[in-house]
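The structure appears below as structure tokens.
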Amino acid sequence: MAGLRLGPLLRHVDWETGTGATVWIEADRPCEAEVRCADGAGGAARTWRIAGHHYALIPVTGLRPGAETAYRVLLDGEQVWPLPDSPFPDSTIRTPAPRHPATGEALATGEAPATGEAPTAGEAPATGEAPGAPATVRVAFGSCRWAARPADSSPDPIGPDALGALAHALAHTPGAERPDVLVLLGDQVYADETSEQTRRWLAARRDVKQPPWEQVADYEEYTRLYDESWLDPEVRWLLSTVPSCMIFDDHDVIDDWNTSEAWLRRMRATPWWRERILSGLMSYWVYQHLGNLSPAELAADPLYAAVREAPDGTDLLREFAARADADPTYARWSYRRDFGRVRLLMVDTRAARVLAEGERAMVAEPELAWLREQALDGADGYATDGSAGPYDHLLIGTSLPWLLPHFVHDVEAWNAAVCSGARGPRWARLGEDLRQRGDLEHWAAFPESFEALTELIAKVGGGPAAPATISVLSGDVHHAYIAEPDWSRWPQPPDSRVRQLTCSPVHNRTYASIRLGFRFGWSRAGRLLGRAFARHGRVTPSRLDWRRTGGPWFGNQLMTLTLRGRAARLRLDQARPDPSGGGARLVTALETDGR
């Protein structure tokens with residue numbers, strides 16, 4: 001009998017029709033995987049094989065718009081989910097109510113969303129939204145989740161897991177606001193910082209006194225990381241019932257992945273690196289990337305088709321990973337998701353980098369062209385009749401913050417300048433050493449890319465079809481903050497409200513040095529010192545200035561954007577131990593009024 005090794009994960013829910021979804025699973029042997037919903041919807045798929053593991057991404061069809069239905073997972077006809085005696089509610093799939101395509105307003109249940117026709121009064125959608133009401137979309141996001149907990153019952157030294165706290169709230173609090181999507185902005189697994197339990201497992205498998213020591217070495221060891229991360233009971237249930245979007249950051253492969261050309265040259269000369277990078281990209285494609293895609297995108301993906309048809313897709317996927325590693329333009333890990341009139345653009349800021357000095361870019365030109373095309377799709381100000389653009393809110397998901405504390409930004413810009421030769425070869429060598437030691441590889445370390453993203457945001461927000469808000473969602477830096485641009489020196493300031501929303505970590509350490517460093521980075525003294533660095537590097541100042549308008553907050557946390565019509569409400573929740581002993585709870589540290 002086939003067993004469920006990992007999952008289910010509810011990934012893509014169709015916001016265009018409200019009738020479809022995808023569910024990802026890993027089984028312990030080849031089988032037919034099936035999802036059966038309580039309302040009669042469902043779907044099935046045969047597993048496919050990678051490196052001795054068996055996976056399926058099950059398309060679910062026939063769902064009812066504006067409804068919520070429980071589902072079961074069956075393997076070869078035998079139910080494997082929900083687990084017997086589960087303490088959690090049934091996993092469900094919630095679909096959006098039918099919407100008017102131009103206004104995004106809720107239609108009555110059963111009403112056809114005909115283009116150009118205004119919604120009419122009638123029966124309320126099953127979600128409870130009245131016909132004619134603007135859609136509400138809740139987007140929860142964060143990054144940096146080190147999954148391991150203490151092996152015994154002792155308190156977790158790094159505090160409660162924010163995802164576990166969210167799961168606890170949704171499972172046990174009647175009326176708790178459930179996110180429509182969970183956006184995980186990198187470091188879903190830590191290939192270079194393994195837990196005590198994983199280190200024991202590695203030591204039983206190979207000699208950990210040899211490179212890469214207690215870091216993961218190959219695909220099989222990556223599967224262990226996903227087991228550890230996604231088999232946590234609360235998080236497993238959460239991912240089974242809240243759709244998720246994911247993108248990698250450095251620790252999904254290795255700390256400071258693709259910092260510079262010198263870094264990459266050094267790593268490629270390291271004997272264990274090739275197996276590590278190929279396994280990292282292969283496992284990311286299987287465990288994270290495929291679920292980001294819609295059924296239509298999956299159907300058009302030749303690699304996915306070839307892997308499903310092959311008796312064993314390992315060699316096919318390995319060849320793909322090798323090409324993606326060799327050429328940053330070969331694969332596109334970035335993707336777009338639309339949630340009614342909310343557009344999310346998830347941007348790959350790791351594998352798509354151009355690292356050659358003199359040509360450095362956070363994203364290669366084809367990737368930047370894709371980002372421009374998706375962001376400007378009807379929202380670039382060319383509308384002249386006053387009609388609304390295609391979306392009310394633009395979310396740009398990038399694991400690395402666009403707007404950093406001023407001191408950090410200026411030091412990274414200085415470092416980029418001296419590494420490129422602005423102060424001569426001696427300073428270039430010193431700068432490269434500092435770049436690799438100091439993690440100086442955010443958007444500010446790629447000045448032309450920083451300006452290109454800034455100009456794109458200004459253009460999107462500068463016309464009559466502009467969205468109400470543009471939010472850059474980021475993580476990485478182990479604290480949370482809000483920063484807003486000052487467009488006073490910009491030739492045509494955008495009308496959209498623009499914010500950098502940074503939330504990290506979900507579950508990880510925040511050292512005292514990080515707290516002190518980022519507090520100093522936002523201070524007046526830090527800004528003055530940063531300007532001195534910029535002058536030394538002969539850095540051309542950006543036209544853009546910005547200010548911190550919230551934070552910094554430290555701890556394990558999640559942010560949630562609630563988007564309704566053209567209003568946006570932001571909430572920051574921090575995970576705290578429940579004094580009653582009932583697990584972790586979320587405590588709200590910030591909530592805006594939605595204007």
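Computed from a predicted model, the values in this text were never measured in an experiment. When a residue number appears, it is its place in the shown sequence, counting from 1.
- When all heavy atoms of Cys144 and Ser504 are compared, the pair lying nearest together is SG-OG, 3.3 Å.
- Side-chain atoms of Arg178 and Thr92, non-hydrogen and from C-beta on, do get closer than 4.5 Å to each other.
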Pair Glu297, Tyr304 - check side chain to side chain donor-acceptor pair (under 3.5 Å), show working. CA-CA 10 Å; Glu297 290 168 319; Tyr304 183 57; over 6 Å; no
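- Using cut-offs of 30° and 60° for the angle between ring planes, the Trp24 and Tyr287 rings count as tilted.
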Working for side chain to side chain donor-acceptor pair (under 3.5 Å), residues Arg64 and Thr19: CA-CA 6 Å; Arg64 188 162 61 93; Thr19 61; over 6 Å; no
Chi angles and distances behind the side chain to side chain contact (heavy atoms under 4.5 Å, CB included) call for Thr314, Tyr219: CA-CA 10 Å; Thr314 307; Tyr219 187 91; over 6 Å; no
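- Counting non-hydrogen atoms of other residues, nucleotides and ligands closer than 6.0 Å to CZ of Arg332 gives a total above 12.
- Note: Leu4 CG to Leu83 CG = 7.5 Å, rounded to the nearest 0.5 Å.
- Aromatic ring orientation, Trp48 versus Tyr55: tilted (interplanar angle from 30° to 60°).
- The two atoms that bring Ala38 and Thr69 nearest to each other are N-OG1, 3.2 Å, heavy atoms only.
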Step-by-step side chain to side chain donor-acceptor pair (under 3.5 Å) determination, Gln288 to Gln188: CA-CA 9 Å; Gln288 299 190 51; Gln188 275 65 262; 2.8 Å; yes
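- Annotation: Tyr284 is not in aromatic contact with Tyr222 [ring centroid separation under 6.0 Å not met].
- In this structure, the separation between CG on Asp192 and CG on Asp255 is 5.5 Å, given to the nearest 0.5 Å.
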Take Asp476 and His442, measure what side chain to side chain donor-acceptor pair (under 3.5 Å) needs, and give me the verdict at the end. CA-CA 10 Å; Asp476 180 70; His442 297 81; 2.8 Å; yes
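- Under the 4.5 Å side-chain criterion, counting only non-hydrogen atoms from C-beta, Arg72 is in contact with Pro82.
- The one candidate from Leu563, Val139, Val137 that meets the side chain to side chain contact (heavy atoms under 4.5 Å, CB included) condition with His393 is Leu563.
- The CD1 atom of Ile50 sits 4.5 Å away from the CG atom of Leu317 when rounded to the nearest 0.5 Å.
- In the displayed structure, Asp315 atom CG is contacted under 6.0 Å by at most 12 heavy atoms of other residues, nucleotides or ligands.
- Trp81 meets the ring pair (Phe, Tyr, Trp, His ring centres under 6.0 Å) test with no other residue; sequence neighbours excluded.
- Residues Glu221 and Arg276 are not paired through a salt bridge, judged by the lack of any N-O separation under 4.0 Å between the basic side chain and the carboxylate.
- Rounded to the nearest 0.5 Å, atoms OG1 (Thr560) and CZ (Arg571) are 4.5 Å apart.
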With side chain to side chain contact (heavy atoms under 4.5 Å, CB included) as the criterion, how do Met1 and Asp76 come out once you've worked through the C-alpha distance, each side chain's angles and the decisive distance to 0.1 Å? CA-CA 8 Å; Met1 174 182 170; Asp76 286 339; over 6 Å; no
Evaluate the side chain to side chain contact (heavy atoms under 4.5 Å, CB included) criterion for residues Trp333 and Leu281: first the C-alpha distance (whole Å), next the side-chain angles of each, then the deciding distance (0.1 Å), finally the verdict. CA-CA 10 Å; Trp333 304 106; Leu281 293 175; 4.1 Å; yes
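- Taking all atoms of both residues into account, the shortest heavy-atom contact from Ala167 to Leu238 is CB-CB, 3.8 Å.
- Each of Asp250, Asp249, Asp252 was checked for a side chain to side chain donor-acceptor pair (under 3.5 Å) with Ser399, and the lone residue meeting it is Asp249.
- When all heavy atoms of Pro401 and Val477 are compared, the closest pair comes out as CG-CG1, 4.1 Å.
- Judged by a 6.0 Å distance limit and a 45° cone about the ring axis, Arg509 is positioned over the six-membered ring of Trp146.
- Taking both residues in full, the closest heavy atoms of Leu586 and Ala165 are given as CD2-CB, 3.6 Å, listed atom of the first, atom of the second, then distance.
- Atoms CE and SG, from Met346 and Cys245 in turn, are 6.0 Å apart once rounded to the nearest 0.5 Å.
- Salt bridge Arg569/Glu177: present, at least one basic N to carboxylate O contact under 4.0 Å.
- In this view, Ser229 and Arg145, Ala147, Val189 satisfy the side chain to side chain contact (heavy atoms under 4.5 Å, CB included) rule, not counting sequence neighbours.
- With respect to the salt-bridge test (charged N to carboxylate O, under 4.0 angstrom), the residues Asp348 and Arg350 do not qualify.
- Salt bridge status for Asp218 with Arg205: present, with a side-chain N to carboxylate O gap under 4.0 Å.
- Minimum interatomic distance between Gly164 and Glu234 (heavy atoms only, all atoms of both residues): O-OE1, 3.4 Å.
- Side-chain contact between Val13 and Pro96 is present, with at least one heavy-atom pair separated by less than 4.5 Å.
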Evaluate Trp402 against Ser474 for side chain to side chain contact (heavy atoms under 4.5 Å, CB included), listing each step before the verdict. CA-CA 8 Å; Trp402 163 52; Ser474 305; 5.6 Å; no
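- Using a 4.0 Å cut-off between a side-chain N of Lys or Arg and a carboxylate O of Asp or Glu, Arg318 and Glu275 qualify as a salt bridge.
- A salt bridge does not link Arg5 to Asp28: none of the charged side-chain nitrogens sits closer than 4.0 Å to a carboxylate oxygen.
- Checked for salt-bridge contact, Arg224 and Glu220 miss the test: no charged N lies under 4.0 Å from a carboxylate O.
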